[in-house]
Amino acid sequence: MATAESILSFDLVHDKIRSCREVPATVGLYGNFRGGERLRNAISRMMERTFMGVEVDPSHICISSGVTAVLDLFFFATCNPGDGCLIPAPYFPAFDNDMSIRNEVIPIPVQPTDTRTYIPTVHEMEEAVLAAESKGIRARMLLVTNPGNPLGTLYPEATLKELLLWAVKRGLHVLSDEIYANSKFGPSVDEFVSMEKVTKNAVMEGLLSAETAAELVHTAYGMSKDFGMNGFRVGCLHTKNKDLLEFWQNMGMFAAVSNDTQHALAIMLEDENFVDKYVKENNRRLKKSYELLTKSFEAANLRYMPACAAMFCWLDLKSLLTEPTFTAEDNLWKEILDECRIVLTPGQACHYAEPGFFRVCYASMAPASLEIACARLTGFAEKKRRKRKSRDGQLDIDTLRTNH
Ligand SMILES: Cc1ncc(COP(=O)(O)O)c(C=O)c1O
């Protein structure tokens, strides 16, 4: 349950992609290293139709082998070693690798003051920039993930607008990772809004110039999550930044997607009827698994943050810690692994400042296996509480009861 991977709907993709496998002679030749025209057209159309809410020009798309490669190339192009990237915490643990392993960009986790919604504020960002500066780190970038990993929540449009305007005013690049944009199953008061739409609106309202927006605002998307196709290694960057587009034309060769894969994928995405039916059915399955998981948490009085998107649930196991430290969090993680044979992602790996939280991915297994995993996890929690009760002489059930 620690891998951000969905197997829930691959049966549908599997059947479809097999029927899209033709091999024209051109697949044997070098192609455009920003991605072939056919796939750039198909992915643009899919993005604009299904989640972006703005026109997507295929000439603004750079295709690479997964969003991981997109981020690596993006940081290489936009940052110098030692520059900083602001990221609202908790965040996807692998971002650290994506930005630092080759590019030596320093992640700057920004902790939320509001620990009920975890919604970041401009004030927190500003403080983080100043704190980084005092350590000699110059922030160059704001990276937001929407829908979120590990929270599975959506940022309100007003928050995105505030962050966007603040960041561009400070001359920061804004990268919105929207890799889960087609995995939404509500109920949520705030519908998903792409940063591209927020940017377009801000330009129309005269709050931002079109030139600045083109230079600084970028979005990443990929096939790994919503379509469960992480093994295909396909991701893309949407940018209007001319230097970046030119850069990708050359450097894209280091992380290009094979023409064969591009061709099959283009055929699949061109089938709008398939895409729409797939997205709907995938969200139905995600919702079913999410509900199975959260019902079992509720029955066991385990607290969690309500989610409405992506494939994660943020579980609060503070009450099972022996003390409020990351050592205790680590010990609890090991106990869960040993006793339940379940691997969770600890909050510390997601750079969350308070010990005791875990990311649970509920889409990496079939519902029948998920039921077993839930039973083990809740059984483990109950056993720990019983032990504590007999040790302490009383059970403080209130601290375990969910508010949600
Ligand atoms: C938010 C986010 N971005 C990027 C990635 C990387 O995806 P890819 O398989 O396209 O490299 C992941 C994978 O877990 C993710 O959760």
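Counting starts at 1 for both ligands and their atoms, in listed order.
- Identified under the side-chain hydrogen bond (donor to acceptor under 3.5 Å, both in side chains) test for residues 251-260, with sequence neighbours left out: Arg21-Asp260, Ser258-Thr261.
- In this structure, the ring of Phe358 has its center no less than 6.0 angstrom from the ring center of Trp314.
- Remark: minimum distance from atom 2 (C) of ligand 1 to any protein heavy atom is reached at Asp177 OD2, 3.4 Å.
- Between Arg38 and Glu270, at least one side-chain nitrogen of the basic residue sits less than 4.0 Å from a carboxylate oxygen of the acidic one, meeting the salt-bridge criterion.
- Under a 4.0 Å N-O distance rule, the pair Arg49/Glu272 qualifies as a salt bridge.
- The shortest N/O to N/O separation between Tyr180 and ligand 1 falls below 3.5 Å.
- Here Phe51 and Tyr221 bring their ring centres to under 6.0 angstrom of each other.
- Looking at Asp114 and Thr117, their side chains do bring a donor and an acceptor atom within 3.5 Å of each other.
- Under the 30°/60° scheme for interplanar angles, the aromatic rings of His173 and Phe74 are found to stand perpendicular.
- In summary, the atoms of ligand 1 found under 4.0 Å from a heavy atom of Ala4, numbered by their order in the structure, are 14 (O).
- Among protein heavy atoms, the minimum distance from atom 6 (C) of ligand 1 is reached at Thr68 OG1, 3.5 Å.
- Close approach to Arg233 involves these atoms of ligand 1, each under 4.0 Å from a residue heavy atom: 8 (P), 9 (O), 11 (O).
- Aromatic ring centroids of Tyr180 and Phe312 lie under 6.0 Å apart.
- When only interatomic distances are considered, the shortest N/O to N/O separation between Asn230 and ligand 1 does not fall below 3.5 Å.
- Within ligand 1, counting atoms from 1 as listed, the ones closer than 4.0 Å to a heavy atom of Gly66 are 10 (O), 11 (O).
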Test side chain to side chain donor-acceptor pair (under 3.5 Å) on Thr325 and Glu323 and set out the steps. CA-CA 6 Å; Thr325 65; Glu323 55 180 28; 3.0 Å; yes
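- Among protein heavy atoms, the minimum distance from atom 14 (O) of ligand 1 is reached at Lys225 NZ, 2.6 Å.
- When each atom of ligand 1 is checked for a heavy atom of Ser224 under 4.0 Å away, the hits are 8 (P), 9 (O), 10 (O).
- Within ligand 1, counting atoms from 1 as listed, the ones closer than 4.0 Å to a heavy atom of Thr145 are 1 (C).
- Of all protein heavy atoms, the one lying nearest to atom 10 (O) of ligand 1 is Val67 N, 2.7 Å.
- Checking Val234, Ile179, Val70 against atom 7 (O) of ligand 1, the nearest heavy atom belongs to Ile179.
- When the heavy-atom distances from atom 15 (C) of ligand 1 to Phe92, Phe232, Phe312, Tyr91 are ranked, the shortest goes to Phe92.
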